Amino acid sequence: MAILVPGGAGYIGSHTVYELIEAGRDVVVIDNLQTGYRDSVHPMAKFYQADIRDEDALDNIFRNESIEAVIHFAASIQVAESMSDPLKYYDNNLYGTMVLLRSMLKNGVNTIVFSSSAATYGETGEVPIKEDSPANPESCYGETKLAMERLMHWCAGAYGLKYAALRYFNACGAHPSGAIGESHVPETHLIPLILQVANGQRPHISIYGDDYETPDGTCIRDYIHVTDLAQAHILAVDYLLGGGKNDVFNLGNGVGFSVKEVIDCARKVTGHEIPEVIAPRRPGDPARLVASSDKAVRTLNWKPKYDDLEMIISTAWNWHRSNPNGFAR
Ligand code: UDP
């Protein structure tokens, strides 16, 4: 029996596929390759280029393959783009998930683990944030992730769907072998942008606001290594297959770092100067987002290995230094 991974050619999806294969699991990947990369898919995974909104394609895959569960990553992920093009986000994220669920259930597959996000919370003011903190997304992206969670909830009641929603905080780092890493076009995330400065591809890193209510005035985030996120998906799928109950889990390290601290750490890791420039705040950025992941630790027996920012940035630097232009298209 195989695990089906829609979005398995993307950043977190490809790292999860590597961990699944390394754990001896059979994996089938579906990706439309609009933002994912064929080269990031582990050579031992079976690959279909397909879109999750294409129900006939999904039905064929479920009929041809022996699928025991789905780990679903296929989604659009840019907060700013979601504000200027909400229809794209409802279509790809929510409608895409509806089609995927319909095809799963029709074909007798009822277990799904999927990417949710800390963006479902919005500004809670709570530190750390627990799963029962109020969810008031500030972006259309976060709203579609919350809507996906609610869709699963109702499908569980109506059709017996088994689901786990994993709310990631700030995913970062790269596979320790350097085989795969983070590559977005355009890149909007802090750590890859800092490393592009270290690589000489950008003149400086812009700090989006230094007048927040935090000790150094810059935003605080909880940075969690992509391999630790990948492990949580495997634990969650096995938990559900073993009879565990449907639930929502935060995934973070529980430690916050400011933008300035991240830049300083990257200077140490890379040995490069990394000039910084103070820029205006980015709309929709809460001052502080730090997770309590106690539930995942307790319930899934999740043990994040990369709890040190220097170690996390080192794995990212290992990838970016060798692959300054990311994957080939
Ligand atoms: N950030 C920044 N400069 C950049 C990119 C990001 O100062 O060029 C800040 C951003 O405002 C946020 C933090 O870095 O406080 C992490 O941003 P990222 O986009 O990596 O993740 P997010 O927290 O939005 O999911």
Side-chain angles (χ1 to χ4, degrees), residues 5-22 27 29-45 47-49 51-52 71-82 88-89 92-93 115 117 119 141 168-206 221 223-230 233 262-263 265-266 269-270 272 274 282 306 309 311-329:
V5 186
Y11 172 44
I12 306 173
S14 62
H15 283 79
T16 302
V17 171
Y18 265 66
E19 295 306 303
L20 283 163
I21 298 275
E22 281 163 27
V27 180
V29 170
I30 315 175
D31 201 295
N32 64 11
L33 297 183
Q34 270 173 18
T35 53
Y37 301 96
R38 182 68 183 89
D39 285 351
S40 73
V41 178
H42 194 291
M44 282 170 68
F47 179 75
Y48 290 91
Q49 183 169 352
D51 192 298
I52 53 166
I71 305 183
H72 171 35
F73 296 96
S76 299
I77 60 155
Q78 284 181 42
V79 171
E81 184 190 50
S82 77
K88 174 175 174 179
Y89 279 69
N92 197 21
N93 297 3
S115 313
S117 169
Y141 165 72
Y168 318 146
F169 282 65
N170 287 62
C172 53
H175 194 275
S177 68
I180 52 171
E182 185 169 12
S183 175
H184 297 116
V185 180
E187 189 53 74
T188 60
H189 293 110
L190 180 64
I191 292 177
L193 286 172
I194 293 173
L195 296 178
Q196 287 180 359
V197 180
N199 258 337
Q201 296 165 288
R202 288 177 186 270
H204 59 257
I205 183 73
S206 298
R221 293 288 180 275
Y223 294 90
I224 178 76
H225 197 274
V226 64
T227 299
D228 286 328
L229 290 181
H233 291 79
V262 175
I263 298 170
C265 185
V269 168
T270 62
H272 286 270
I274 313 184
R282 188 172 64 175
Y306 294 87
L309 188 62
M311 198 158 64
I312 293 176
I313 294 181
S314 298
T315 65
W317 179 229
N318 186 31
W319 156 259
H320 281 279
R321 201 174 27 182
S322 319
N323 302 275
N325 299 313
F327 294 103
R329 267 269 167 233

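Nothing here was measured: the structure is a model prediction, and the numbers come from that model. Note that the numbering runs from 1 along the sequence shown for the chain.
A donor atom on one side chain and an acceptor atom on the other are found under 3.5 Å apart for Tyr89 and Glu81. Checked by atom type, the side-chain pair His175/Glu22 shows a donor-acceptor distance below 3.5 Å.
Not a single side chain to side chain donor-acceptor pair (under 3.5 Å) links Asp31 to another residue, sequence neighbours left out. With sequence neighbours left out, Tyr168 forms a side chain to side chain donor-acceptor pair (under 3.5 Å) with Ser115, His233.
Between Ala45 and Val17, the closest heavy-atom pair is CB-CG1, 3.9 Å. Taking both residues in full, the closest heavy atoms of Ala9 and Ser14 are given as C-CB, 4.4 Å, listed atom of the first, atom of the second, then distance. Annotation for Ala316 and Gly173: closest pair CB-CA, 3.9 Å, computed over non-hydrogen atoms. Annotation for Ser40 and Phe327: closest pair CB-CZ, 3.5 Å, computed over non-hydrogen atoms. Residues Asn318 and Ser322 share a closest heavy-atom pair of O-OG, 3.0 Å. Of all non-hydrogen atoms in Ala266 and Ile194, the two that sit nearest each other are CB-CG2, 3.5 Å.
Side chain of Asn199 to backbone of His320: a donor-acceptor contact under 3.5 angstrom is found. Within the 3.5 Å criterion, the main-chain N or O of Lys88 finds no donor-acceptor partner in the side chain of Asn92. In this structure, Gln201 contributes its side chain and Pro324 its backbone to a donor-acceptor pair below 3.5 Å. Between the side chain of His272 and the backbone N or O of Ile274, no donor-acceptor pair lies under 3.5 Å.
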Take Val226 and Tyr18 through the test side chain to side chain contact (heavy atoms under 4.5 Å, CB included) and record every step on the way to the result.
CA-CA 11 Å; Val226 64; Tyr18 265 66; over 6 Å; no
Step-by-step side chain to side chain contact (heavy atoms under 4.5 Å, CB included) determination, Met44 to Val27: CA-CA 8 Å; Met44 282 170 68; Val27 180; over 6 Å; no
Any chance you could lay out the side chain to side chain contact (heavy atoms under 4.5 Å, CB included) test for Arg38 and Gln49, step after step, and finish with the verdict?
CA-CA 9 Å; Arg38 182 68 183 89; Gln49 183 169 352; over 6 Å; no
- [ ] I would like to know whether Ile313 and Val262 meet side chain to side chain contact (heavy atoms under 4.5 Å, CB included); could you show each step before the answer?
- [x] CA-CA 9 Å; Ile313 294 181; Val262 175; 4.1 Å; yes
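One distance of note links CD1 of Ile12 with OG1 of Thr227; it measures 11.0 Å at 0.5 Å rounding. A distance of 6.0 Å separates CH2 in Trp317 from CG in Leu195, rounded to the nearest 0.5 Å. Interatomic distance, Ile191 CD1 to Thr315 OG1, rounded to the nearest 0.5 Å: 8.5 Å. Leu20 contributes atom CG, which lies 13.0 Å from atom NE2 of His15 (distance to the nearest 0.5 angstrom). The distance from atom NE2 of His225 to atom CE of Met311, rounded to the nearest 0.5 Å, is 8.0 Å. With values rounded to the nearest 0.5 angstrom, Glu19 atom CD is found 10.5 Å from Leu229 atom CG.
Contact of the Phe47 side chain with the Leu33 side chain is registered, since non-hydrogen atoms from C-beta on lie closer than 4.5 Å. Put simply, the side chain of Tyr306 does not reach to within 4.5 Å of the side chain of Ser314, judged on heavy atoms. Looking at Ile205 and Leu190, their side chains come closer than 4.5 Å, going by heavy atoms from C-beta outward. Residues Tyr37 and Ile180 have side chains not in contact (no heavy-atom distance under 4.5 Å, counting atoms from C-beta outward).
Ring pair His184/Tyr11 is perpendicular by interplanar angle, where above 60° counts as perpendicular and below 30° as parallel.
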